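A short write-up of the structure that comes next.
Within every chain, numbering begins at 1; the chains are lettered A, B, ... in the order of the sequence lines, protein sequences first and strands thereafter. Just so you know, these numbers come straight off a predicted model, no measurement behind them.
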2 protein chains.
Amino acid sequence: MKRAAGAEHEILRSAGLRVTPQRVAILKLLRGTRAHPSPEMVYRELKPAYPGLSLNTVYQTLHALEKAGVLRRISMEENVYRFDANVAPHVHLVCRGCGRVDDCNGDLEPLLEHLGREVAARCAWDIRAQDSCFYGYCPGCRSEGKPPKPREEV
Amino acid sequence: MKRAAGAEHEILRSAGLRVTPQRVAILKLLRGTRAHPSPEMVYRELKPAYPGLSLNTVYQTLHALEKAGVLRRISMEENVYRFDANVAPHVHLVCRGCGRVDDCNGDLEPLLEHLGREVAARCAWDIRAQDSCFYGYCPGCRSEGKPPKPREEV
DNA sequence: ACTTGACATCGTAGCAGTTCCTATGTAGTA
DNA sequence: TACTACATAGGAACTGCTACGATGTCAAGT
Ligand SMILES: [Mn+2]
Ligand SMILES: [Mn+2]
Ligand SMILES: [Zn+2]
Ligand SMILES: [Zn+2]
């Protein structure tokens with residue numbers, strides 16, 4: 001293999017997108033985090049190093065990268081977009097206390113794919129994407145004395 | 001069993017909520033539809049029969065019923081709330097063409113519960129709810145010549 | 001290296017969905 | 001029937017996202 005630096009450059013090029021400092025920075029940030037940042041979070045994170053950066057550019061770049069399949073957009077109860085550079089099948093955990101979004105570790109891909117096949121077999125839809133989110137309280141928020149209510153919906 | 005009429009009345013009472021015409025109407029609508037309506041849809045649907053109805057009341061009622069566990073709120077790519085009186089485990093299908101939200105028929109509950117157990121076993125979170133959405137094109141939109149792209153994310 | 005055109009960025013204005021505020025109204029209890 | 005805590009209506013305010021137009025810049029081709 002060759003250099004690791006410049007990976008973002010190549011990803012952008014092979015997606016048919018021009019390489020700009022903003023896009024490289026945004027993509028690098030996404031590929032280097034597990035926080036599933038929202039557009040605002042991306043903006044706040046990069047603004048110090050790129051004072052000229054526009055929030056609008058963040059939105060446009062995230063859109064372009066999503067359309068190219070480099071990123072995926074996930075939706076949750078807060079009605080705020082969050083982005084993920086990991087486009088492989090995995091489950092998301094969303095904390096109702098602090099809002100953090102984690103990946104669920106452990107190989108659940110077989111289960112997710114099985115579920116996908118079952119759904120595709122049961123409906124006449126043209127399925128393009130699938131999203132499994134679990135809501136609750138992360139270890140940090142749980143220890144802060146959140147009410148231990150019973151299980152609700154599924 | 002007793003009467004079917006007045007079911008909404010009893011549901012509201014046992015949820016500790018006052019019974020008002022607005023609440024009965026909203027709950028009855030939700031319990032009688034499979035469209036997973038948004039607050040706006042509920043409002044537009046009921047406004048003719050209840051000219052004095054306020055959109056704000058729709059929001060507040062939906063919130064109260066969600067908090068009581070009578071309704072569940074589902075989130076999807078459009079960043080618009082949609083509500084469901086069916087709080088039992090089931091998969092949702094979301095059309096990227098027309099925006100409709102369907103339930104996936106066929107008993108997938110065992111699979112969903114299995115997935116839930118696996119997730120709970122793999123993380124230290126206090127899980128309270130779970131949501132599985134599939135995105136694509138419904139039969140109607142599919143026949144209108146949508147582009148047949150390959151499968152993407154999971 | 002220079003030119004050049006298509007594409008990207010920026011700032012701002014606009015929009016839609018949701019929440020906040022408060023005066024008025026009403027359900028449920030005694 | 002009277003009272004009070006809770007619910008409603010209307011509108012203002014807020015938020016995240018998108019549209020628009022002027023300016024800037026990447027990269028292909030000379
Ligand atoms: Mn993820
Ligand atoms: Mn449903
Ligand atoms: Zn938390
Ligand atoms: Zn459709």
- prompt: Does a side-chain N or O from A/H63 land closer than 4.0 Å to OP1 or OP2 of D/dC17, or not?
  reply: no
Donor-acceptor contacts, no H, no angles, side chain residues 22-35 of chain A, under 3.5 Å, sequence neighbours left out:
{"residue": "A/R23", "atom": "NH1", "partner": "A/R18", "partner atom": "O", "Å": "3.2"}
{"residue": "A/R31", "atom": "NE", "partner": "A/E8", "partner atom": "OE2", "Å": "3.1"}
{"residue": "A/T33", "atom": "OG1", "partner": "A/A35", "partner atom": "N", "Å": "3.0"}

Hits for side chain to side chain contact (heavy atoms under 4.5 Å, CB included) against B/Y59, two or more places apart or cross-chain, chain-then-number order -> B/P39, B/L55
So ring-ring contact (aromatic ring centres under 6.0 Å, His included) across residues 93-116 of chain A, not counting sequence neighbours, yields none
Item checked: N/O (side chain, B/R23) to phosphate O (OP1/OP2, D/dT8) under 4.0 Å -> yes
The correct set of residues in residues 37-60 of chain A placing a heavy atom under 4.0 Å from DNA chain D is A/P39, A/N56, A/Y59
In short, ring-ring contact (aromatic ring centres under 6.0 Å, His included) pairs touching residues 15-39 of chain A with sequence neighbours left out are A/H36-A/H92
In whole angstroms, the gap separating P of C/dC7 from CG of A/L65 amounts to 17 Å
Here the distance between atom P of C/dT19 and atom NZ of B/K67, to the nearest Å, is 13 Å
Sorted by chain and residue number, the side chain to side chain contact (heavy atoms under 4.5 Å, CB included) partners of B/L93 (sequence neighbours excluded) come out as A/V119, A/C123, A/W125, A/I127, B/D102, B/C104, B/F134
So the ring-ring contact (aromatic ring centres under 6.0 Å, His included) pairs with at least one residue in residues 60-85 of chain B (sequence neighbours excluded) are none
_Quick test of your reading of the model: are B/R128 and B/D126 salt-bridged, counting only N-O distances below 4.0 Å?_
yes
Under a 4.0 Å heavy-atom criterion, the protein footprint on nucleotides 25-30 of chain D, written with B, S and -, is BBSS--
Overall bend of the helix from C/dA1-D/dT30 to C/dA30-D/dT1 (five pairs an end, 10° steps) is 40°
Across all chains, not counting sequence neighbours, the salt bridge (Lys or Arg N to Asp or Glu O under 4.0 Å) partners of A/E118 are A/R122
Sorted by chain and number, sequence neighbours left out, side chain to side chain contact (heavy atoms under 4.5 Å, CB included) with B/Y135 holds for A/A129, A/D131, B/M76, B/E77, B/V94, B/R96, B/C133
Contacts of B/P21 meeting side chain to side chain contact (heavy atoms under 4.5 Å, CB included) (sequence neighbours excluded), chain-then-number -> B/Y50
**OP:** Taking only the side-chain nitrogens and oxygens of A/N79, find out if one of them lies under 4.0 Å from OP1 or OP2 of C/dT18.
**Re:** yes
